[in-house]
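What follows is a single structure, written as structure tokens, with notes after it.
Because only heavy atoms are used, hydrogens play no part in the values below, and waters and symmetry mates are left out as well, while side chains stay in. Count residues from 1 along the sequence.
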Amino acid sequence: LNMPLARREVVAGALERLGIVAPELAVEIGDFYAAHSDGLVHPFPGAIDTLQTLLEHGVRLALITNGMAGHQRAKVDRFDLARFFDCVLIEGEFGVGKPDDRVYAHALGRLDAHPEQTWMVGDNLEWEVAAPQRLGMTGIWVDSAGAGLPESSTVRPDRTIRSLPELLEGPAV
């Protein structure tokens, strides 16, 4: 939940693997990345149009995202995403995040939905496919790179898509 600290630790670890022990440099690089990376974040291609179509069809949606409250809320606000969702759950606001069963259960309750009526869509096989499947939801994996399942994966998505607009294809929305 502390992204600035996490970024600094990742950089420090990478530098140490290169034989460089420079805590001050790790802080500088981590902070520089934090200051400049947000501008590079954009919704996935077709995501906004897909959300708009789902909204127009009356599909009830929840957004579940992990991370710090302020950072994640800023992205939701920046891209005006809340208008598409009946429920927005951010780990730093809610207190737990994926793959904790409580976050999925809370979203189901807010949507007044049953697990067997619900799709969870995301690019993390454990958090957005396996964990929801254990609760009876349909797990849809976004394989944007088209690389397919890792050979070592024991997770089997109910459906695999390469982009969000593919949600509008196949089974009726």
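- Taken to the nearest 0.5 Å, the OG1 atom of T118 stands 10.0 Å off from the CG atom of L135.
- Smallest separation of non-hydrogen atoms from P43 and A47: CB-CB, 4.3 Å.
- Formation of a donor-acceptor pair under 3.5 Å by the Q133 side chain with backbone atoms of R156 is found in this model.
- Side-chain contact check for L149 versus V155: every heavy-atom pair is 4.5 Å or farther apart.
- Atom CZ of residue F79 and atom NE2 of residue H42 lie 6.0 Å apart, to the nearest 0.5 angstrom.
- The line from CD1 of I161 to CG of D143 is 10.0 Å long, rounded to the nearest 0.5 Å.
- Summarising the geometry of A107 relative to A62, their closest heavy-atom pair is CB-CB, 4.0 Å, with the distance given to 0.1 Å.
- Residues F85 and L63 come closest through the heavy atom pair CD2-N, 3.4 Å.
- Under the rule for a ring pair (Phe, Tyr, Trp, His ring centres under 6.0 Å), H114 has no partner lying at least two apart in sequence or in another chain.
- Cluster annotation: L89 is not connected to V121 through the hydrophobic network of ILVMFWY side chains, with a link wherever side-chain heavy atoms come within less than 4.5 Å.
- Placement of L111 and V88 in two distinct hydrophobic clusters is found when ILVMFWY residues are connected by side-chain heavy-atom separations under 4.5 Å, directly or transitively.
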Step by step, would you call F44 with V142 a side-chain contact (heavy atoms from CB on, under 4.5 Å)?
CA-CA 11 Å; F44 288 119; V142 181; 5.9 Å; no

Worked verdict on L168 versus H57 for side-chain contact (heavy atoms from CB on, under 4.5 Å)
CA-CA 11 Å; L168 304 175; H57 282 86; over 6 Å; no

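- Side-chain contact check for L5 versus E9: some heavy-atom pair is nearer than 4.5 Å.
- Grouping the Ile, Leu, Val, Met, Phe, Trp and Tyr side chains by contacts below 4.5 angstrom, directly or via other members, places I64 apart from V41.
- Using a distance-only test at 3.5 Å, with no hydrogens or angles considered, no donor-acceptor pair links the side chain of E128 to the main chain of M120.
- P115 places a side-chain heavy atom less than 4.5 Å from the side chain of L108.
- The hydrophobic cluster containing L18 does not contain V10, counting ILVMFWY residues as joined when their side-chain heavy atoms lie under 4.5 angstrom apart, directly or transitively.
- I48 is listed as a side-chain neighbour of L81, based on a closest heavy-atom distance under 4.5 Å.
- No donor-acceptor pair closer than 3.5 Å links the side chain of E16 to the backbone N or O of V21.
- Across all their heavy atoms, N66 and G97 have their closest contact at OD1-CA, 3.3 Å.
- Summarising the geometry, atom OH belonging to Y33 is positioned 15.0 Å from atom CZ belonging to R8; distances are rounded to the nearest 0.5 Å.
- Counting heavy atoms from C-beta on, the side chains of R73 and I90 come closer than 4.5 Å.
- A donor-acceptor distance shorter than 3.5 angstrom exists from the side chain of D158 to the backbone of G139, with no hydrogens or angles considered.
- Looking at K98 and N124, their side chains never come closer than 4.5 Å, going by heavy atoms from C-beta outward.
- Atoms CG and CG, on L54 and L164 in that order, are 9.0 Å from each other to the nearest 0.5 Å.
- The CZ atom of R60 sits 11.0 Å away from the CD atom of Q117 when rounded to the nearest 0.5 Å.
- Between L125 and P157, the closest heavy-atom pair is CD2-CG, 4.0 Å.
- Transitive grouping of hydrophobic side chains (ILVMFWY, heavy atoms separated by less than 4.5 Å) brings V103 and M137 into a common cluster.
- Minimum heavy-atom separation, G30 to R7: O-CD, 4.1 Å.
- Between F84 and Q52, the closest side-chain pair of non-hydrogen atoms falls below 4.5 Å.
- Test L25, V27, I29 against V11 for side chain to side chain contact (heavy atoms under 4.5 Å, CB included) and you get one pass: I29.
- Counting non-hydrogen atoms of neighbouring residues, nucleotides and ligands closer than 6.0 angstrom, the CG atom of D112 reaches no more than 12 such neighbours.
- Checked against side-chain hydrogen bond (donor to acceptor under 3.5 Å, both in side chains), R134 has the following partners two or more places apart in sequence or in another chain: E126.
- Residue pairs that meet the side-chain hydrogen bond (donor to acceptor under 3.5 Å, both in side chains) test with at least one member in residues 100-109, sequence neighbours left out, are D100-R102.
- For the pair R110 and D86, the salt-bridge criterion is not met [side-chain N within less than 4.0 Å of a carboxylate O].
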